[in-house]
Amino acid sequence: MFCEFNFNFESMNYSIEQYIYFMEKTGLVDLIENHIVNNLIDYCLGVETGLDSNGRKNRGGHQMENLVESYIKKTGLEYYKEMYLRDIESKWNMDLSQISAGGTSSKRWDFVVKTENNIYVIETNFYTSGGSKLNETARSYKMISRESKDIPNFEFVWVTDGAGWKGARGNLEETFNEM
């Protein structure tokens, strides 16, 4: 059974007890009493909770990272989060100069998974909206895929999703086919 309550804070439409009950159960009383928020109106509009455009920046990306990490954990394999290319080279004595512009670039991977035979470097992202960033990302990862093909025991994996790709479908498909 579904019940809906629409509390009007400009013109009360329920009893004061119902408003208090609602505010206690939702945590609003705690937010106000303990000065957790500076401005309740800004909080409700999302400004103080990170729902503004800057606060939302890369929220989907972090959620995608968490999702991918949950699957990696289930494998029980050795893995590292946010590992630099130079650290991979030194840890497993690998030459990754083909993808580091001869050792001049400093790439950080979202995840590095070590299996018995291979090293998997994983990049994750999620795009809620389109734009040039998607095309640049696809182009960059296509290049990394090409450059890493001849590195023994090394695999590049890209996990991406989001409605943003609808407008860049062709570029995504081209990169997918290349990889």
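Just so you know, these numbers use all the heavy atoms, side chains as well, and skip hydrogens, waters and symmetry mates. Note that the structure is a prediction, hence the values are computed from the model and not measured.
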message: Going by ring pair (Phe, Tyr, Trp, His ring centres under 6.0 Å), name the pairs with one or both residues in residues 157-179, residues two or more places apart or in two chains.
response: Tyr127-Trp165, Tyr141-Trp158, Trp158-Trp165
So, taking the atom named [atom1] in [X] and the one named [atom2] in [Y], what distance separates them when rounded to the nearest 0.5 Å?
X	Y	atom1	atom2	answer
Ile72	Tyr80	CD1	OH	13.0 Å
Ile119	Ser148	CD1	OG	13.0 Å
Arg146	Phe156	CZ	CZ	13.0 Å
Ser140	Asn135	OG	CG	12.5 Å
Ile16	Met12	CD1	CE	4.0 Å
Asp110	Arg108	CG	CZ	7.0 Å

What are the two closest non-hydrogen atoms of [X] and [Y], and how far apart are they?
X	Y	result
Glu178	Lys149	O-NZ, 3.4 Å
Ala138	Asn171	CB-OD1, 3.6 Å
Asn153	Met94	O-CE, 4.1 Å

Compare all side-chain heavy atoms of [X] with those of [Y] and state whether any distance is below 4.5 angstrom.
X	Y	result
Val157	Val121	no
Ile20	Glu24	yes
Ile151	Gln98	yes
Ile122	Val113	yes
Glu65	Phe126	no

message: Please identify which of these residues, Thr175, Leu172, Thr124, meets the side chain to side chain contact (heavy atoms under 4.5 Å, CB included) condition with Thr160.
response: Leu172
- prompt: When you look at CD of Glu173, are more than 12 heavy atoms from neighbouring residues, nucleotides or ligands closer to it than 6.0 Å?
  reply: no
- prompt: Heavy-atom count around Asn177 CG within 6.0 Å, excluding the residue itself: above 12?
  reply: yes
- prompt: Should Met23 and Tyr21 be counted in the same cluster of Ile, Leu, Val, Met, Phe, Trp and Tyr side chains packed under 4.5 Å apart?
  reply: no
query: Met179 and Met143: same hydrophobic cluster, using ILVMFWY side-chain contacts below 4.5 Å?
result: no
Is there a donor-acceptor pair under 3.5 Å between the side chain of [X] and the backbone N or O of [Y]?
X	Y	answer
Glu89	Asp95	no
Glu123	Val159	no
Thr137	Lys133	yes
Asp87	Met83	no

task: Please report the C-alpha distance between Trp109 and Lys81 in whole Å, then the side-chain angles of each, then the deciding distance to 0.1 Å, and finally whether the side chain to side chain contact (heavy atoms under 4.5 Å, CB included) criterion is met.
output: CA-CA 8 Å; Trp109 307 99; Lys81 204 171 174 184; over 6 Å; no
- prompt: When you check the gap from the basic side-chain N to the acidic O, do Arg139 and Glu174 get nearer than 4.0 Å?
  reply: no
- request: Kindly determine whether Ile88 and Val112 satisfy side chain to side chain contact (heavy atoms under 4.5 Å, CB included), including the steps that lead there.
  value: CA-CA 8 Å; Ile88 297 169; Val112 176; 3.6 Å; yes
task: Look at the aromatic rings of Phe7 and Tyr19 and report parallel, tilted or perpendicular, splitting at 30° and 60°.
output: perpendicular
- request: Please determine, by modelled atom types, if Asn13 and Asn8 share a side-chain donor-acceptor pair under 3.5 angstrom.
  value: no
- request: Scan side-chain atoms only and decide if Tyr84 and Glu82 contain a donor-acceptor pair under the 3.5 Å cut-off.
  value: no
field: Verdict with reasoning, Phe154 to Asn118, per side chain to side chain contact (heavy atoms under 4.5 Å, CB included)
entry: CA-CA 6 Å; Phe154 182 89; Asn118 290 315; over 6 Å; no
- request: Apply side chain to side chain contact (heavy atoms under 4.5 Å, CB included) to the pair Trp92 and Lys114, showing each step before the final yes or no.
  value: CA-CA 10 Å; Trp92 292 293; Lys114 173 72 171 97; 3.5 Å; yes
